[in-house]
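The structure appears right after this line, and notes come after that.
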Amino acid sequence: MSRSPLMGCVFGLAMGAVLAGPASAQVERGVLYQTAPAMNATIVNRVSPQMDALLDQLMTEGRSMTLDGVRVFEANDKFLPGKIAIGLAHAVIEAPEGDPRRARFLDGFRRLSELTLEDTNDSWGIYYYMSALHQLNEAGLLDQAVSPQTLAQLRQNLDWRRFVRQDDLTLINLPNNYYGVAYSIARLRYLMGWEDTSASEALLAKTLEHFRQYSGEFGFADETTGEGRFDRYSVLLIGEIAQRFIETGVAPPQEVKDWLRRSVDLLLPRFNLRGEGFEYGRSIGAYGETAFLEVLTAAASLDLLTDEEERMAYAFSSRIAARYVDFWQDSGTGSVSLWDHGRKTDDYRGKHRILGENISLSHQLFYTNTLWNQRGYRDRAPDAGYADWLKTLPRSTTTWFSKGAEDRLLITYRDGDRVIGLPLINGGPGQHMNNPYFPVPYSPGVLAGAADETYPQLLPRVTLSDGSVLQPLSWFTNVKVEVAGQTTRLTYSLPAMDRMGQAAPVRDDRVSARTVYELSPGRITRRDEITARRGVTIQKVDLELGTFSSGAQSAAQGVVFALGDVAAFQGQGLSCEPAAADGGVYRTPVGPLRTVVRCQADNPGRTWTGGWSVQFRDR
């Protein structure tokens, strides 16, 4: 169904009747909270009982514990002992004095600390364990929770030197963001009286040096050593660093506050009624939502928000907490579900880590709720004006991550209550080929990538006559963003393509590209001009749209859908056909895609000009 550019206008007119119809609710979207319960009520009445039940099962079954078919102690979760410790510490401290639950959880902590003493417990696990011991010590309960012999061994085990070389403070086979973890451990060891302040001060200096070096002028951490990958963690990292200051009672320097405020400025235009978070990059889903929670809570605690921003941040945090139990928890298993019912997350967070993921997500909710309570929000209903405030947010926001030889940025576009992200963030090894990092639009529950999958979601994949497969992924230059009325236009060039097949991007300058996006109410369009050097032949261009929409039919105007937020899709310079999405690669963090539209252009020669248009259903 190759169409001329003029067909876009005809397409829009012909689709009017289809677009006006109501869309059925999608389970991937979850609850739309016009009002939401107080965050503390959700935590106390719903999250804590779920976590207590898992801890009771753990204390009863010990090493034989099985959760949703996973034998948790046989699953090689290298952080598990520390996560168990932080989970039990919270349960101990939250149980009132004299409550039988406190004695039960103290006994459980003592037994499980002995049971897991020789188990692998790396980096983040060490931090979680140190935080647990510090909290118990502050509460005057450490002696009841850990025997002297076990505590002596933990003092040896829980050491930042296990993953940092002491002589030159270099990390041992870990990315630079682990300096923050090491600093936290060293600071907590000081607070426990286990060492002096010299190590924590040196590691803090390393942490801030790394952030300065790889965040550049815009204040967002590059996930790589300057190769240009900016994802959820680029926004979250400074929130975690700020939280370490808050937890250990150290006033952060002004530059930390400045960096944190920049993360807040990125997040505010992305607020919504469902508690949905990041929609691109790795480790999203539930963690894409708690990333908002951690950054916003740290900013509120450090007085970096205006009064109105703080009220709205609390209102959104309350929705994140409610969504955690309404959407992410599975009542049938009593566990968070990141892996079932058509959901898929990164291999790094595979189901083998099921117990640890339950504990770490709950921990993020627990500690942020405590900080909101300290701000005076305990059991306070979220601001009733939140939904109206959302309507005042800017339609289009551009956040720059880097400018230079290559550019990196994120466009956030609000189309009614639909939030659309268009990231140019893809550089460095490990993720460049995976479609959650593609320079294409994403929207929670509407347009999604699939963790660790490489199908060409909304992106032209170029096959040359020699069999090389290239994609326009990594070297964005001449980037320009223009906003005119309700339309945002993004243009950029790629002087070279990324040749597929390696863990890191491989620059192939036999083919170049120029891309133009337009985001406007109800529609996104993309146009590409792809040119091969003289003597190079393009054999095929193909791309796909994986969508939650269903009831697809081919029509003269494109592919139309009977149900779902995506109402229609039109290819330009492509022949497109819809099919049912299988249950293999077409699984997203929130649920399965229902339809895949596969498009292809054969033998275009040296050049291909084409693209696509996505039309959304009116709400």
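Note that this is a predicted model, so its numbers are computed, not measured.
- Looking at Thr207, its side chain does come within 3.5 Å of a backbone N or O of Tyr179 through a donor-acceptor pair.
- Shortest non-hydrogen contact noted between Trp259 and Ser215 is NE1-OG, 4.3 Å.
- Residues Trp475 and Pro505 form a side-chain contact, since some pair of their non-hydrogen atoms from C-beta on lies under 4.5 Å apart.
- Side-chain N or O atoms of Thr477 include one that pairs as donor or acceptor with a backbone N or O of Ser493 at under 3.5 Å.
- Here CZ of Arg323 is found 7.5 Å from OH of Tyr33. Values are rounded to the nearest 0.5 Å.
- Side-chain atoms of Asn435 come within 3.5 Å of backbone atoms of Tyr455 as a donor-acceptor pair (strictly under, hydrogens ignored).
- Under the 3.5 Å distance criterion, the side-chain polar atoms of Asp222 are left unmatched by any main-chain donor or acceptor of Tyr214.
- Under the 3.5 Å distance criterion, the side-chain polar atoms of Tyr586 are left unmatched by any main-chain donor or acceptor of Val596.
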**Item:** Verdict with supporting geometry, Asp258 and Arg261, salt bridge (charged side-chain N to carboxylate O under 4.0 Å, His left out)
**Value:** CA-CA 5 Å; Asp258 293 341; Arg261 178 64 218 197; over 6 Å; no
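- At least one side-chain heavy atom of Met497 sits under 4.5 Å from a side-chain heavy atom of Ile530.
- In this structure, CD on Glu406 lies 11.0 Å from CG on Asn478, to the nearest 0.5 angstrom.
- Remark: Arg262 does not engage Asp265 in a salt bridge, criterion side-chain N to carboxylate O under 4.0 Å.
- The side-chain contact (heavy atoms from CB on, under 4.5 Å) with Trp612 is formed by just one residue from the set Ile524, Leu545, Leu574, Thr525; it is Ile524.
- Side chain of Asn434 to backbone of Pro436: no donor-acceptor contact under 3.5 angstrom is found.
- Between Glu240 and Tyr233, the side chains place a donor N or O and an acceptor N or O closer than 3.5 Å (distance only, hydrogens not considered).
- Taken to the nearest 0.5 Å, the OG atom of Ser301 stands 4.5 Å off from the CD1 atom of Ile246.
- Using bins of under 30°, 30° to 60° and over 60° for the plane-to-plane angle, the ring pair Tyr386/Phe316 lands in the parallel bin.
- Residue Glu279 is tested with Arg418, Arg270, Arg232 for a salt bridge (Lys or Arg N to Asp or Glu O under 4.0 Å); the sole match is Arg270.
- Salt bridge present: Glu482 and Lys480 bring a charged side-chain N and a carboxylate O closer than 4.0 Å.
- Side-chain N/O atoms of Gln471 and Arg461 include no donor and acceptor closer than 3.5 Å.
- Taking the six-membered ring where tryptophan is involved, the planes of Trp372 and Tyr377 are perpendicular, since the angle between them exceeds 60° and thus also 30°.
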**Prompt:** How far apart are the C-alpha atoms of Ser360 and Tyr287, what are their side-chain angles, what is the distance that settles it, and do they pass the side chain to side chain donor-acceptor pair (under 3.5 Å) test?
**Reply:** CA-CA 10 Å; Ser360 59; Tyr287 282 95; 2.6 Å; yes
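- At distances below 3.5 Å, at least one donor-acceptor pair connects side-chain atoms of Ser263 with backbone N or O atoms of Val235.
- Between Glu577 and Arg598 there is no salt bridge, since no side-chain N of the basic residue sits under 4.0 Å from a carboxylate O of the acidic one.
- Contact check on Glu289 versus Arg274 returns no salt bridge, with no Lys/Arg side-chain nitrogen under 4.0 Å from an Asp/Glu carboxylate oxygen.
- In terms of modelled atom types and a separation under 3.5 Å, the side chain of Thr297 and the main chain of Glu294 share no donor-acceptor contact.
- Here the CG atom belonging to Asp498 is positioned 5.0 Å from the NE2 atom belonging to His432, to the nearest 0.5 angstrom.
- When atom types are taken as modelled, the side chain of Thr595 and the backbone of Ser549 share a donor-acceptor pair closer than 3.5 angstrom.
- Between the OG1 atom of Thr515 and the CD atom of Glu529 there is a distance of 9.0 Å, given to the nearest 0.5 Å.
- Checked by atom type and distance alone, the side chain of Arg414 never pairs as donor or acceptor with a backbone atom of Val419 at under 3.5 Å.
- With salt bridges taken as basic N to acidic carboxylate O contacts below 4.0 Å, none links Glu453 and Arg587.
- Relative ring orientation between Tyr178 and Trp124 is described as perpendicular, the plane-to-plane angle rising above 60° on a 0-90° scale split at 30° and 60°.
- In this structure, Pro495 and Arg507 approach most closely via the heavy-atom pair CG-NH2, 3.6 Å.
- Across Pro460 and Trp608, no two heavy atoms sit closer than the pair CB-CZ3, 4.0 Å.
- Considering CD of Gln431 and CE of Met433, their distance stands at 7.5 Å, rounded to 0.5 Å.
- Around the CD atom of Gln502, the shell of radius 6.0 Å holds no more than 12 heavy atoms that belong to other residues, nucleotides or ligands.
- Using bins of under 30°, 30° to 60° and over 60° for the plane-to-plane angle, the ring pair Tyr280/Phe278 lands in the perpendicular bin.
- When all heavy atoms of Leu494 and Ser474 are compared, the closest pair comes out as CD2-N, 4.0 Å.
- Ion pairing between Asp346 and Arg282 fails under the 4.0 Å rule for side-chain N and carboxylate O.
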